[in-house]
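Everything on this sheet refers to the single structure shown next.
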Amino acid sequence: MSTPDSSSFLTMLPTLTSPTPGVPAAGLNATSCLEWEQAHHMLFHLGNLSLLLGLLIPTTLGLHMIALRLLLMTGCSLFIAWATLYRCNLDVMVWNVVFLVVNFMHLFFLLYKRRPIKIDRELRSVYKRMFEPLHVQEALFQRLTGQFCTIQTLKKGQAYAAEDKTSVDERLSILLKGKMKVSYRGHFLHNIYTNSFIDSLEFRSTEMHRGEKFQVTIVAEENCKFLCWSRERLTYFLESDTFLNEVFKYLIGKDITNKLYSLNDPTLSDKAVKKMDRQPSLCSQLSMMQMRNSMASTSDTDDVLNQILRGGSAGSSLLTFSRPRSVFVSVTC
């Protein structure tokens, strides 16, 4: 097999490097700069400076995304003015118009997300007292209260729940206005005040046991207004939001603790009960459930009730009680 010699290979080079006869190869090389152009107009440099400043904004700045979009829009606007007035370059102008529109849409979305949320006047107190201290954003609170809950009213003397009749699986409520009384077979247990859960104990104690009834009677002492969630829809919503689920666990636990203190010490004034704000513990929550379930399942209910109302500390004693389904539990706190 014959191979071309070096002389024949060299004769092919001019045809590869200079396809057009008489034109030097350097003249066809567009990347070579024989002479630099003069600097562009000041608008061009200001546009680039605006882009540079936008990229240098630290992410730790609270409004860094809004500031970034504003500076990018400023740079695009300067490029449009430069390309239109001084360069008459259509493609540069069109591309920067596209960039300007895209950044404007992003800016509008960011401002829309930061718009002030208007919470209903009746719910403002609940948000300020219960949810805002736990860093729940107004938009999240609006989602929580705007989709699957209602505001209901009870006149003085009307019952929110009747023992052994009302199901605990239907709702969870927060008292917005008024006062309610909790009793068991005619014996007063404690009051429920504004910005407190009405049925937090039943909500917590029946999470694993559905189909149970209220073991106490809850009656409106005054004209009352309360925020009511559908329990099933609320549970489904909380499962999709881990943060809000933890917030509800904390709030319900604290509410049970406050009811425990008011049940242990019936001499507490209304003002003192309203100001109670203690860290909830598992022990105190279980103790409260033990008391109510003990009264509901023990044959000698009057003796149990009198023992509780005498002020015996349930948080430091051994409570033995029987739940429905004949489950016996002893908890030492």
Side-chain angles (χ1 to χ4, degrees), residues 54-55 57-73 102-153 170-178 192-204 207 224-259 274-282 285:
L55 297 175
I57 296 177
T59 57
T60 55
L61 186 66
L63 301 176
H64 74 278
M65 287 302 299
I66 294 179
L68 171 62
R69 296 297 173 182
L70 286 173
L71 288 171
L72 291 179
M73 290 174 60
V102 170
N103 282 284
F104 176 78
M105 294 173 63
H106 274 278
L107 178 64
F108 178 80
F109 176 72
L110 293 172
L111 294 176
Y112 177 78
K113 287 176 61 177
R114 299 183 65 89
R115 73 192 188 282
I117 303 298
K118 293 183 179 179
I119 298 177
D120 191 278
R121 182 175 56 86
E122 296 176 322
L123 303 178
R124 173 63 61 175
S125 176
V126 172
Y127 175 72
K128 291 290 186 181
R129 180 75 177 271
M130 301 176 65
F131 291 90
E132 189 179 43
L134 300 179
H135 307 288
V136 176
Q137 298 295 328
E138 292 182 342
L140 182 58
F141 180 76
Q142 189 180 52
R143 286 179 55 202
L144 176 67
T145 58
Q147 296 182 0
F148 43 85
C149 71
T150 58
I151 296 179
Q152 302 180 15
T153 58
E170 297 178 357
R171 56 187 174 176
L172 176 67
S173 303
I174 297 178
L175 187 61
L176 301 177
K177 179 182 178 182
I192 300 175
Y193 300 95
T194 304
N195 298 328
S196 299
F197 285 97
I198 299 175
D199 42 8
S200 57
L201 175 62
E202 287 73 20
F203 182 83
R204 177 60 62 84
E207 285 180 337
C224 296
K225 185 177 293 186
F226 59 92
L227 178 67
C228 181
W229 284 279
S230 166
R231 176 167 179 162
E232 182 178 356
R233 298 185 65 182
L234 176 62
T235 302
Y236 179 78
F237 179 78
L238 294 180
E239 289 176 352
S240 64
D241 193 308
T242 305
F243 169 71
L244 201 57
N245 189 28
E246 294 300 321
V247 168
F248 259 80
K249 287 181 180 179
Y250 171 81
L251 291 174
I252 290 175
K254 186 177 71 171
D255 187 79
I256 292 174
T257 303
N258 291 342
K259 288 183 172 63
K274 291 178 181 179
K275 289 185 175 181
M276 285 194 306
D277 187 15
R278 295 179 172 88
Q279 179 73 16
S281 64
L282 177 62
Q285 295 174 32

If you take all heavy atoms of [X] and [Y], which pair is closest and at what distance?
X      : Y      : answer
Asn245 : Leu238 : CB-O, 3.4 Å
Asp255 : Ser200 : OD2-OG, 2.5 Å
Thr194 : Lys177 : OG1-CA, 4.1 Å
Leu175 : Phe226 : CA-CB, 4.0 Å
Ala67  : Ile57  : CB-CD1, 3.5 Å

Any residue meeting side chain to side chain contact (heavy atoms under 4.5 Å, CB included) with [X], in chain and number order, not counting sequence neighbours:
X      : value
Leu176 : Leu123, Val126, Ile151, Lys225, Leu227
Thr150 : Gln152, Cys228
Phe243 : Val136, Leu140, Asp241, Val247

Drop me the distance from [X]'s [atom1] to [Y]'s [atom2], to the nearest 0.5 angstrom.
X      : Y      : atom1 : atom2 : answer
Arg171 : Cys149 : CZ    : SG    : 13.5 Å
Asn258 : Tyr193 : CG    : OH    : 11.5 Å
Leu144 : Leu234 : CG    : CG    : 6.5 Å
Leu134 : Leu244 : CG    : CG    : 10.0 Å
Met73  : Leu71  : CE    : CG    : 10.5 Å

Tell me, do [X] and [Y] make a side-chain contact under 4.5 Å, heavy atoms counted?
X      : Y      : answer
Ile192 : Phe197 : no
Lys249 : Arg204 : yes
Leu172 : Ile252 : yes
Ile66  : Arg69  : no
Ile174 : Met130 : yes

My understanding is that only residues two or more places apart in sequence, or in another chain, count here; which of them pass ring-ring contact (aromatic ring centres under 6.0 Å, His included) with Tyr127? Phe141
Those residues that, when tested against Phe203, pass ring-ring contact (aromatic ring centres under 6.0 Å, His included) (two or more places apart): none
Can you give me every donor-acceptor pair (side chain of residues 109-118, partner residue at least two apart or in another chain, under 3.5 Å) with its distance?
residue, atom, partner, partner atom, Å
Arg115, NH1, Tyr112, O, 3.0

Sequence neighbours left out, what passes side-chain hydrogen bond (donor to acceptor under 3.5 Å, both in side chains) with [X]? Give chain and number order.
X      : result
Ser196 : none
Glu132 : Lys128
Ser125 : Asn195

For Glu170, salt bridge (charged side-chain N to carboxylate O under 4.0 Å, His left out) partners two or more places apart: none
Are more than 12 heavy atoms, taken from residues, nucleotides or ligands other than Glu232, located less than 6.0 Å from that residue's CD atom? no
